[in-house]
Protein chains: 2
Amino acid sequence: MTEDISGGTVGKALAVLDQVAAFGRPVRFAELLSDSGYPKATLYRLLQTLTDQGMLTCDPVTQAYAPGLRLVRLAHAAWAQASLGPLARAELDALSARTGETIHLAQLDGGQVLYIDKRNARNPVDLFSAAGKVGPAYCTGVGKAMLAQLTGPALEAALDRQSFHRHTASTLTTRADLFRDLETIRHSGLAFDREEHEPGIICLAAPILAPGGQLLGAVSITTTTARSSLAALADLGPALRDTAARIAAAAAPWRFPYRPG
Amino acid sequence: MTEDISGGTVGKALAVLDQVAAFGRPVRFAELLSDSGYPKATLYRLLQTLTDQGMLTCDPVTQAYAPGLRLVRLAHAAWAQASLGPLARAELDALSARTGETIHLAQLDGGQVLYIDKRNARNPVDLFSAAGKVGPAYCTGVGKAMLAQLTGPALEAALDRQSFHRHTASTLTTRADLFRDLETIRHSGLAFDREEHEPGIICLAAPILAPGGQLLGAVSITTTTARSSLAALADLGPALRDTAARIAAAAAPWRFPYRPG
DNA sequence: CCGGCTTGTTCCAATATGTGAAACCCAGTC
DNA sequence: GACTGGGTTTCACATATTGGAACAAGCCGG
C-alpha cells in the first residue's frame, strides 16, 4: 500500500517508517507484512535495521514496533528548522490571547495541510504535540487559504492530489466548486471553512506570504457554530491578517528552503 | 565525525540526516563533506536520496540542506507513541498549575537526556530546553534522577557516555563524584540540580518508575536561585513524587517498548 | 580576459549490499 | 503429536552502492 518509486534501500526503509508511524499504535510484524507489499525477509531486515538505528523501538515481549526516540530527536530539529513554528510562536500566542479561540498554523506539503502548531481555545502552550498532523486541503480553512495562492502547474498538481471526499453537507466536492471558492479567497485574502470538514466547526484562515508573494503557510482561527458564527469570525479578519503579516515579517530575513506543493 | 558501526546504506543515510539536523541551520554540501568522512560522491547521493524522500529540503538557490517536512510529519507519530508525552500531559499541567514553576518531562536516550515535554513558569526564564531537545545527563536533575535508577552494565554504559564537561563551578566533573551523588539520589528518590548545568538554575527531579521498577523517565521542577532555593524546592518533593507516581500509573497499562540506555 | 581555485555533479567498473524464495524454528492448539 | 501461523535464518543471485577520477560551473585576483 505504501508506495514509492524508489528503487533505493533507504526509500524502502523510510516507507516502512512511515507505515509504522501511520498506524498510531505499536504494530506487529504480520500487520506490516500484509500492508507493505515487501517480501517477508526484506521487511524483516528493514525493521531490524530501523530498530538498530533507533528509529523504531520494538517491545521484546509484544514484538510490536513503534516509532523510536531518535525520531523524536530529529523531529525537534525538523520542526525548529523546516517550519514556520518557532518564528510564529509569539504571534500565535498573541492571537490566541486576543481571540480566546483555537489557532492553527499550517504549511502545504504534497497538496495536503501539515499542521505545524496549534493553540487550544482554553489551554495555553502545548509544544509540538499537535504538530505534524496532516489533513485535507480542499475542505479546511488553512488548506484553501494556501491553495488559493498557488497558480499554474503548482495549483494543478495540488488540485490533482485532493480527494474531494464529502465530509459534511457543505464540503466542496468538485474541482470546479473549489476553484470558484479559491478565486474569491484569492481576492479577499481570507478563507472561510463553512463546516466543510466537520459539522459545527467553522474557521477563518489567512495565507502567510513572503514579501515576494511566495506562499509560506497559513494561520487560522477555529470555532464552533454553537459559540460563534461566520459573521463574528469575519470581524476577526483584520486581526488574523495582521498576525499573518507579522509572521511573514519574522520569516522574511530567513532564506526559506521551502517549496510548497 | 558522525560515526556509526552501520555498514548498511540506511545507517549512513540516517547518520547524514542526524548531521544535518545537528547543525541547527541550513548547511551547505561542503560543510557536511568535511565533517562526515564520506567520499564526495557518496555523500552527494545520500543527500540526493534524502531530499528526494522529503526528509531534507534543499534551497535551490543557497544549496543549503535542512530537515524536511516529512520529518515533521513523523514527529507527531513519534512523540505520540514513543514517549511518555501524551500520558503525562495532564499531570504536567497539574503540577505546573500547583507550583507555578517550569516543569520538564524527560526520557533517557543513549545516555543522554531527551526532553519530551515542558511547561513554562509563570514568569518564564530563558533556559536551555524544549521538547525533542537533548541534554547532558550527568549535570541535570532529570538526568541524574534517571541514571540513579540504572544498575550494572546499563549504568556503566550510560556513565561511559557522559562527557563530564564543566558547565559551572558546581558541575560534577568526575565519574566518582557523580556516582556518589547517584547513591544518594537512589536512596532518596529525588535528585537535585545545584546549579550544575547553568548558573542560577536549580531543580528537583524524580524518576518515573513502572510498577516493576523499570525506569520510564523523569519529571522535574526547575527554578532560579533568585526566586527560590534548594530548601524551598525540597518542600515540593512530595508533590513531585506524586506526579511521577501518577504518570507511572498512567503508563502502566501500556506495553512500553522502551529500553532506557 | 584568463588561469587557478573552490564547489557541486556525473561516470563507471568493482564489489559490498540488499534480495527474497524457501527452509526452519517455536509456541500455541486442534 | 501433527498442524498452523507468526517470526527468524539461510544462501545463491542480482543490483544498488561505492568512490576515484574526470567534468562542469561559479568565483576571484591578477
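In what follows, every chain begins at residue 1, and chains take the letters A, B, ... in the order their sequences are listed. Computed from a prediction, not measured in an experiment: that's the story for all the values here.
One can place CG of B/L43 at 13 Å from C1' of D/dT18, the figure rounded to the nearest angstrom. If you take CG of A/L47 and C1' of C/dG20, they are 15 Å apart, rounded to a whole angstrom. Straight-line distance from the CG atom of B/L33 to the P atom of C/dT7: 9 Å, rounded to whole Å. Between B/L46 atom CG and D/dA16 atom C1' there is a gap of 12 Å when expressed in whole angstrom units.
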Check: protein-nucleotides 6-12 of chain D nitrogen or oxygen pairs below 3.5 Å:
{"unit_1": "D/dG7", "atom_1": "OP2", "unit_2": "A/A30", "atom_2": "N", "d": "2.7"}
{"unit_1": "D/dG7", "atom_1": "O3'", "unit_2": "A/Q63", "atom_2": "OE1", "d": "3.2"}
{"unit_1": "D/dG7", "atom_1": "N7", "unit_2": "A/K40", "atom_2": "NZ", "d": "3.2"}
{"unit_1": "D/dG7", "atom_1": "O6", "unit_2": "A/K40", "atom_2": "NZ", "d": "2.8"}
{"unit_1": "D/dT8", "atom_1": "O5'", "unit_2": "A/Y44", "atom_2": "OH", "d": "3.2"}
{"unit_1": "D/dT9", "atom_1": "OP2", "unit_2": "A/Y44", "atom_2": "OH", "d": "3.2"}

Can you name the atoms? Protein N/O to nucleotides 13-15 of chain C N/O, anything below 3.5 Å, with the distance.
none

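Here A/D52 pairs with nothing under the salt bridge (Lys or Arg N to Asp or Glu O under 4.0 Å) rule; sequence neighbours left out.
Between C/dG20 and A/T42, a contact under 4.0 Å exists linking OP1 or OP2 to a side-chain N or O. A sub-4.0 Å separation between OP1 or OP2 of C/dG18 and a side-chain N or O of B/T9 is present.
Taking each heavy atom of A/H167 and A/C139 in turn, the nearest pair found is CD2-SG, 3.6 Å.
Panel note: side chain B/S36, backbone B/Y38; a donor-acceptor pair is recorded below 3.5 Å. No donor-acceptor pair under 3.5 Å is formed between the side chain of A/Q162 and the backbone N or O of A/R175. No donor-acceptor pair under 3.5 Å is formed between the side chain of B/E91 and the backbone N or O of B/R246. Put simply, the side chain of A/T62 never gets that close to the backbone of A/A64: no donor and acceptor are under 3.5 Å apart.
Side chains of B/Q149 and B/R186: a donor-acceptor N/O pair is absent below 3.5 angstrom, by distance only.
Crowding of A/R241 atom CZ: a count of heavy atoms from other residues, nucleotides or ligands under 6.0 Å exceeding 12.
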